[in-house]
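Letters A, B, ... mirror the listed sequences (proteins, then strands); counts begin at 1.
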Amino acid sequence: MKLERRIVSLATYALLIAVAAVMMGPFIWMISTSLKTFDQVFQSPPQLVPRTWHWSNFADAWRSAPFGRFFLNSILTAVAAVGLQLVFAVTAAYAFARLQFRGKQALFFLVLASMMIPIQVTFVPNFLIIRGLGWYNTYFSLIVPFSVNAFGIFMIRQAFMQVPAELEESAQLDGCSHLQIIRHIMVPLSAAPIVTFAFFSFTWTYNDLFWPLIATSRGHMRTVQVGLSSMIASEGGAGTRWNLIMAAAVFIIAPLLVLFSFLQKFIVKGISTTGLK
Amino acid sequence: MAPYLLVFPALFILFVFVLLPLILAIVFSLADWDLLSVEVEWVALDNYIRLFQDREFWQAIENTLVFTGVMVPVTVALAVALAVLLDTGVRGIRLFRTMMFVPYLTPMAAISTLWVWMFDQHFGIINWALGSVGWHGIPWLTRPGWAMAALIIMKIWKVTGYYAILLLAGLQNIPPSLLEAASIDGAGRLRVFLRITLPLLSPYVLFVVVIAVISAFQNFDQIYMMTRGGPAGNTTTIIYYLYQYGFEFFEVGYASSVALLLFVLLFALTWLQFAVSRKWVHYG
């Protein structure tokens, strides 16, 4: 019996390590390539650990395009969009979860309906709307259309509905306003789902390529993802400097992984508590 | 008054940037309007007729269905297996769970460049590995068929871990007493899994299938970065076709009809999945 258990756990580890190798392997290869010289990149057989590490690739990649500006644009856009989403989602979610008002069902249905619309279906009209507003090539075009997220309203509403009513009632007796109840009761008690939503939303905005690609055309308004895509287009062909491109990919991915490692605890809890059923 | 003030900003922006655009798309789809000329001509259903007569559009539908039809079942099957593996309580399992998350989090655009490099015909690590077992010089990304396969393989790698984590939450909601009772009754592991675990997991599986199909239909960034719809239109899916007509040729009317068709198709597919699910999903 004991032997059988050991074999099972050994087999489990073997499988887990195999899966982890498949999941992580490409990242290791990315880092490995980013540290090679141009000649080492095309060496056969390929080397996993390059003999000498060329950290200068990162500086060269950074200088090959205005990545400083791209990062500023990406981070600013994502932070502003997520910040606005949280403010609007938390207030709307509170009203939908806790207050009674005429037309509530119909208005909530609007939220659900906008969750059903694939975002890209709106891109042609939104492109014309932002041009009509004079927002083409500005931060407004990158931020405002994404300043409300229907999914976020829905998710945070679910969390608010689970907050015990007694807490809210006693706060009302103490004379708290709606905004005070939101700030001091609802949000602190729903931290895990809110942080989870904020993290995912930040990731979606930071990672997006399609909208920034069409909503901007000038170099100084490009985000990191669009910047990387034009870096590849200009490299192209046989002499592609993969070491520099991989170095750029590394510094584009790194901020997300750092953020994730900080928020991991919340996110794991958020996924399990918001549930799917 | 207060409730309306609280919901107004959110609803106003949703209306302007989500619902109004849908209505505008319907209106535009009835017009012949390209952005380069100023003239707008109302053409009723001509755009839709042109759409259905365009062989490239039919190919885009076919490409989308091939991508989705291969990617979704394989991903879901792998994700279920992986979720079971991650449900074991071995030491260090947390670290493994975290690792599974990483491919999903990372930006599709940046990760696509990595896979273009790995799929490189002459110097890519994948062909080097396959070469050592006798498969030489596979033209990933440059030959129809192979390009589609490359996209599917990469997408499976990217999303399976995340879906497994979602399914894991489902597995952990199954009361252990049920599984214990079954094994005391003498049912083998496989039987317990097929008869008890899988039916109880089915609502989660349905959820994962639905979001996997949606994500397959909306898969733009990967195709833009890895193949640009090529070679020979072999990886031009509906979403990429929409991009070409909307933002390369600026045919507002025609692109709007494509967008609406995408919407209707996705809506119908999602509805169909829920309808069919009554036959296989058990709500405990």
Quiz prompt | Distance in Å, A/Ile232 CD1 paired with B/Met225 CE, rounded so as to fall on 0.5 Å steps | solution = 4.0 Å
Quiz item: Side chain of A/Gln120, backbone of B/Ala259: donor and acceptor closer than 3.5 Å?
Solution: no
Quiz prompt | Note, A/Thr33 side chain near B/Trp117 side chain (heavy atom, < 4.5 Å) | solution = yes
Self-check item: Sub-4.5 Å side-chain heavy-atom contact between A/Met246 and B/Leu114
Solution: yes
Quiz item: Do you know which of A/Ala249, A/Pro26, A/Ala95, A/Ala150 has the most heavy-atom pairs with chain B at a distance under 4.5 angstrom?
Solution: A/Pro26
Quiz item: Which bit of B/Phe96 is near chain A, if near means a heavy-atom gap under 4.5 Å: side chain, backbone, both or neither?
Solution: side chain
Quiz item: Is chain B contacted by the side chain of A/Leu128, its backbone, both, or neither, given a heavy-atom distance below 4.5 Å?
Solution: side chain
Show me the donor-acceptor pairs within less than 3.5 Å that the side chains of residues 1-22 of chain B make with the rest of the protein, sequence neighbours left out.
| residue | atom | partner | partner atom | Å |
| --- | --- | --- | --- | --- |
| B/Tyr4 | OH | A/Arg102 | N | 3.2 |
| B/Tyr4 | OH | A/Arg102 | O | 2.7 |

Practice problem: Go through the atoms of A/Val226 and report whether side chain, backbone, both or neither lie under 4.5 Å from a heavy atom of chain B. | Solution: neither
Exercise. Name the option with the most non-hydrogen atom pairs under 4.5 Å to chain A; the candidates are B/Ile125, B/Thr88, B/Leu206, B/Leu266.
Key: B/Ile125
Practice problem: Counting only heavy atoms closer than 4.5 Å, note whether B/Thr113 contacts chain A via side chain, backbone, both or neither. | Solution: both
Without placing hydrogens or testing angles, list every side-chain donor-acceptor pair under 3.5 Å for residues 209-216 of chain B, not counting sequence neighbours.
| residue | atom | partner | partner atom | Å |
| --- | --- | --- | --- | --- |
| B/Ser215 | OG | B/Lys155 | NZ | 3.0 |

Quiz item: Which atoms of B/Leu82 come close to chain A, meaning under 4.5 Å heavy atom to heavy atom: side chain ones, backbone ones, both, or neither?
Solution: side chain
Quiz prompt | Near-ring test A/Trp211/B/Phe247, centroid separation under 6.0 angstrom | solution = no
Quiz item: From B/Asp87 CG over to A/Thr12 OG1, what is the distance, rounded to the nearest 0.5 angstrom?
Solution: 11.0 Å
Quiz prompt | Engaged part of A/Val41 at the chain B interface, taking heavy atoms whose separation is under 4.5 Å | solution = both
Quiz prompt | Whether A/Phe210 and B/Phe220 hold their rings parallel, tilted or perpendicular, with breakpoints at 30° and 60° | solution = parallel
Exercise. Would you give the length of the straight line joining atom CD1 of B/Ile23 to atom OG1 of A/Thr122, rounded to the nearest 0.5 angstrom?
Key: 12.5 Å
Self-check item: Residue part contacting chain B, namely of A/Ile129, when any heavy atom lies under 4.5 Å
Solution: side chain
Quiz item: Is A/Phe101 atom CZ crowded by more than 12 heavy atoms from other residues, nucleotides or ligands, each under 6.0 Å away?
Solution: yes
Practice problem: State whether the side chain of A/Tyr13 and the backbone N or O of B/Arg91 hold a donor-acceptor pair below 3.5 Å, judged by distance alone. | Solution: yes
Quiz item: Checking heavy atoms, do the side chain of A/Leu16, its backbone, both or neither come under 4.5 Å from chain B?
Solution: both
Quiz item: Highest number of heavy-atom pairs under 4.5 Å with chain A: which of B/Met108, B/Met118, B/Arg97, B/His122?
Solution: B/Met118
Quiz item: Measuring heavy-atom distances to chain A, does B/Leu35 have an atom under 4.5 Å in its side chain, in its backbone, in both, or in neither?
Solution: side chain
Quiz item: Counting heavy-atom pairs under 4.5 Å to chain B, which of A/Tyr206, A/Phe27, A/Phe123 comes out on top?
Solution: A/Phe27
Quiz prompt | Among B/Thr98, B/Leu262, B/Leu24, residue most engaged with chain A (heavy-atom pairs, under 4.5 Å) | solution = B/Thr98
Practice problem: For each of A/Ala93, A/Ser114, A/Ser44, tally heavy-atom pairs with chain B at distances under 4.5 Å, and name the one with the top tally. | Solution: A/Ser114
Quiz item: Can you name the closest pair of heavy atoms from B/Pro107 and A/Gln225 and give their distance?
Solution: CB-NE2, 3.3 Å
Quiz item: Side chain, backbone, both or neither: which part of B/Phe217 has a heavy atom under 4.5 Å from chain A?
Solution: neither
Quiz prompt | Contact origin within A/Leu256 toward chain B - heavy atom pairs under 4.5 Å | solution = side chain
Quiz item: Could you give the distance from CZ (B/Arg94) to NZ (A/Lys265), rounded to the nearest 0.5 Å?
Solution: 8.5 Å
Exercise. Below 4.5 Å from any heavy atom of chain A, which atoms of B/Leu105 appear? Answer side chain, backbone, both or neither.
Key: both
Quiz item: For the candidates A/Ile153, A/Val22, A/Ile252, which exhibits the highest count of non-hydrogen atom pairs separated by less than 4.5 Å from chain B?
Solution: A/Val22
Practice problem: Mind ranking A/Ile182, A/Asn126, A/Leu99 by heavy-atom pairs under 4.5 Å with chain B and telling me who comes out on top? | Solution: A/Asn126
Exercise. Give, as side chain, backbone, both or neither, the part of B/Trp128 having an atom under 4.5 angstrom from any heavy atom of chain A.
Key: side chain
Quiz item: How long is the gap from CE on A/Met24 to CE on B/Met100, to the nearest 0.5 Å?
Solution: 6.5 Å
Quiz item: Of the listed residues (A/Leu228, A/Leu179, A/Thr203), which shares the most heavy-atom pairs with chain B below a 4.5 Å separation?
Solution: A/Leu228
Exercise. Report the distance from atom OG of A/Ser229 to atom CZ of B/Arg228, rounding to the nearest 0.5 Å.
Key: 6.0 Å
Quiz prompt | Side chain, backbone, both or neither of B/Met99 within contact of chain A (heavy atoms, under 4.5 Å) | solution = both
Self-check item: Exceeds 12 heavy-atom contacts within 6.0 angstrom, atom CZ of A/Phe262
Solution: no
Practice problem: Might you confirm whether atom CD of A/Gln105 has over 12 heavy atoms from other residues, nucleotides or ligands at distances under 6.0 Å? | Solution: no
Quiz item: Any idea which of B/Phe28, B/Trp115, B/Phe250, B/Tyr243 has the most non-hydrogen atom pairs under 4.5 angstrom with chain A?
Solution: B/Tyr243
